[in-house]
Protein chains: 2
Amino acid sequence: MKHAKKNKFRLFIAQKGLKSTRQRDIILDCFLSSSRHISIEELYLKLRSKNPNIGYATVYRTLKLFAESGIAREIQFGDGQTRYEHANEGEHHDHLVCTRCGTIIEFENQDIEQLQQEVAGAHGFQIENHKLELYGICAKCR
Amino acid sequence: MKHAKKNKFRLFIAQKGLKSTRQRDIILDCFLSSSRHISIEELYLKLRSKNPNIGYATVYRTLKLFAESGIAREIQFGDGQTRYEHANEGEHHDHLVCTRCGTIIEFENQDIEQLQQEVAGAHGFQIENHKLELYGICAKCR
DNA sequence: TTGCTTTTGAAAATCACTTTCATTTATAAG
DNA sequence: CTTATAAATGAAAGTGATTTTCAAAAGCAA
């Protein structure tokens, strides 16, 4: 799994004529071994603990590359922090976000997706992607 | 409709012990006569054309008050711009956003809402609110 | 190795807001 | 109608997240 993503990124880098660098490897390893929804700040701090000389800008730039290559996806939960999640080929999921503790649960629901298609169709829209977030209180916090 | 919102805001202002000012009246009129999804920048520019001395900060502050009073709702489509839409008592809707021309269509779908409740329930979540946006290409742009 | 391009890190810049603060207003009290 | 006082305003400075700039460093092909 992790290996597949490393390869995918390597390929992306090659196809784009970009260079393989020590920093990109480090950041990729760190990202892949992190929780599924990590903010740039969190990742940066985690990186710095082992690589005190890695730059802020490099982390930002590299995460954008991950997203472009398809191994990560940018998400925003409206708290002013951009997060990146691990993206898997052709897979899409939505989120339940606890407004108390911040826990994020992923889910997938084909019925909802189906209904979305119908709604879009009724308005002549062709869906490219969507965003569904349910905000509330998780079981633990209640 | 516009009148009802003006009254609602007036009431809110009174209850909070705030003051009724010329600027708030102007901004409210301008907001109510604008498209349903207006960004702060757009509203500010529209305002400035007739009131060159109205301040940026005042527009921001006043829109926050509109949201607090319940006559407006803050929305974000991930383009880094906060927008405000006209909010109606107890009504919720979701959005279809055209990624080409920016057109925004509102929709409401009870079946989807129902399924959301089911998903949340299955995870022990109690939904407080949700956000559903379908991004794609509208009929006109295709 | 050389030559050319990309990448990096640090610092400055940007963007969308938010806060500060001296001044102006609205409103209540006299 | 004053006066007092608390809130509102506008301009400018401040924030916080993200981007850009730029000189130096590092990949990579020949």
Side-chain angles (χ1 to χ4, degrees), chain A residues 9-31 37-69 72-84 102, chain B residues 9-31 37-69 72-84 102:
Chain A
F9 186 61
R10 219 167 263 144
L11 201 68
F12 170 81
I13 286 292
Q15 287 177 331
K16 281 262 183 175
L18 303 179
K19 289 171 181 172
S20 156
T21 70
R22 211 172 52 77
Q23 286 89 332
R24 287 179 180 161
D25 289 345
I26 293 171
I27 297 174
L28 181 52
D29 277 336
C30 189
F31 174 68
H37 306 89
I38 195 164
S39 70
I40 299 174
E41 181 72 13
E42 284 164 351
L43 189 59
Y44 174 70
L45 290 175
K46 195 176 165 192
L47 278 163
R48 290 290 289 211
S49 69
K50 301 214 168 184
N51 309 273
N53 51 340
I54 212 153
Y56 219 82
T58 303
V59 179
Y60 271 90
R61 290 188 277 231
T62 305
L63 283 174
K64 285 220 170 297
L65 283 181
F66 290 174
E68 229 188 298
S69 77
R73 195 180 294 120
E74 234 181 277
I75 42 173
Q76 300 194 226
F77 293 129
D79 62 347
Q81 292 250 210
T82 297
R83 284 156 195 284
Y84 283 86
Chain B
F9 186 62
R10 220 168 261 145
L11 201 68
F12 170 82
I13 286 292
Q15 286 175 331
K16 282 260 183 177
L18 302 179
K19 288 171 181 170
S20 155
T21 69
R22 210 171 53 77
Q23 285 89 333
R24 287 179 179 160
D25 289 344
I26 292 171
I27 297 173
L28 182 51
D29 277 336
C30 190
F31 174 68
H37 306 88
I38 193 163
S39 71
I40 299 174
E41 180 72 13
E42 285 164 350
L43 189 58
Y44 174 70
L45 291 175
K46 195 175 165 194
L47 278 162
R48 290 291 287 212
S49 70
K50 300 213 168 182
N51 309 273
N53 51 341
I54 213 154
Y56 220 82
T58 302
V59 179
Y60 272 89
R61 290 188 278 232
T62 305
L63 283 173
K64 284 219 172 297
L65 283 181
F66 290 173
E68 230 189 297
S69 77
R73 194 182 296 119
E74 233 180 279
I75 43 173
Q76 301 195 225
F77 293 127
D79 62 347
Q81 292 248 212
T82 297
R83 282 156 197 285
Y84 283 86

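Protein chains get the first letters and strands the later ones, always in sequence-line order, with residue 1 at the start of each. No hydrogens, no waters, no symmetry mates; every other heavy atom, side chains included, goes into these values. Please read all numbers here as calculations on a predicted model, not as lab measurements.
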**Request:** State whether the distance check finds a donor on one side and an acceptor on the other, under 3.5 Å, for side chain A/K19 versus base D/dA26.
**Result:** no

**Euclidean distance, atom CG of residue A/L63 to atom P of D/dT19 [Å, nearest integer]** = 11 Å

**Asked** Think A/T21 has a side-chain N or O under 4.0 angstrom from the OP1 or OP2 of C/dT6?
**Response** no

**Request:** Compare the minimum distances between each of D/dG10, C/dT8, C/dT27 and the side chain of B/S20, then state the nucleotide with the smallest one.
**Result:** C/dT27

**Item:** N/O (side chain, B/T58) to phosphate O (OP1/OP2, D/dG10) under 4.0 Å
**Value:** yes

**Request:** Using whole Å, report how far OH of B/Y60 lies from P of D/dG14.
**Result:** 19 Å

**Request:** Report which part of the nucleic acid B/K16 touches: base, sugar-phosphate, or nothing (heavy-atom distance under 4.0 Å, all strands).
**Result:** nothing

**Of the listed nucleotides C/dC17, D/dT9, D/dT20, the one nearest the side chain of A/A57** = D/dT20

**Request:** State, with a plain yes or no, whether a side-chain heavy atom of B/R73 is found less than 4.5 Å away from one of B/Y84.
**Result:** no

**Asked** Can you tell me how far C1' of C/dA16 sits from CD of B/E74, to the nearest Å?
**Response** 12 Å

**Request:** Give the rounded distance in Å between these two atoms: CD1 of A/I40 and P of D/dG16.
**Result:** 17 Å

**Message:** Determine whether the aromatic ring centres of residues A/F66 and A/F31 are separated by less than 6.0 angstrom.
**Reply:** yes

**Prompt:** Roughly, in whole Å, what's the span from CZ in A/R10 to P in D/dC28?
**Reply:** 12 Å

**Request:** Find the distance between CG (B/L47) and OG1 (B/T62) and round it off to the nearest 0.5 Å.
**Result:** 9.0 Å

**Asked** If each of B/P52 and A/R22 is mapped to the nucleotide of DNA chain D with the nearest heavy atom, which maps nearer the 5' terminus, i.e. the 5' end?
**Response** B/P52

**Prompt:** Counting only distance, no hydrogens or angles, is the base of D/dG10 paired donor-acceptor with the side chain of B/R61 under 3.5 Å?
**Reply:** yes

**Asked** What's the CG-P distance between B/N51 and D/dA11, to the nearest Å?
**Response** 13 Å

**Request:** State which of C/dT8, C/dC17, C/dT6 makes the closest approach to the side chain of A/L18.
**Result:** C/dT6

**Message:** Just the rounded figure in Å: distance from C1' of C/dT24 to CD of B/Q23.
**Reply:** 10 Å

**Residue A/I54, side-chain heavy atoms: nucleotide from D/dT19, D/dT9, C/dG9 that is nearest** = C/dG9

**Asked** Rounded to whole angstroms, how far apart are CD1 on A/I13 and P on D/dG27?
**Response** 13 Å

**Message:** Within this structure, what is the CD-CD distance for the pair B/Q81 and B/E42, rounded to the nearest 0.5 Å?
**Reply:** 7.0 Å

**Item:** First of B/Q81 and A/G17 reached from the 5' end of DNA chain C, by closest nucleotide
**Value:** A/G17

**Message:** Walk me through whether B/N53 and B/N51 qualify under side-chain contact (heavy atoms from CB on, under 4.5 Å).
**Reply:** CA-CA 5 Å; B/N53 51 341; B/N51 309 273; 4.2 Å; yes

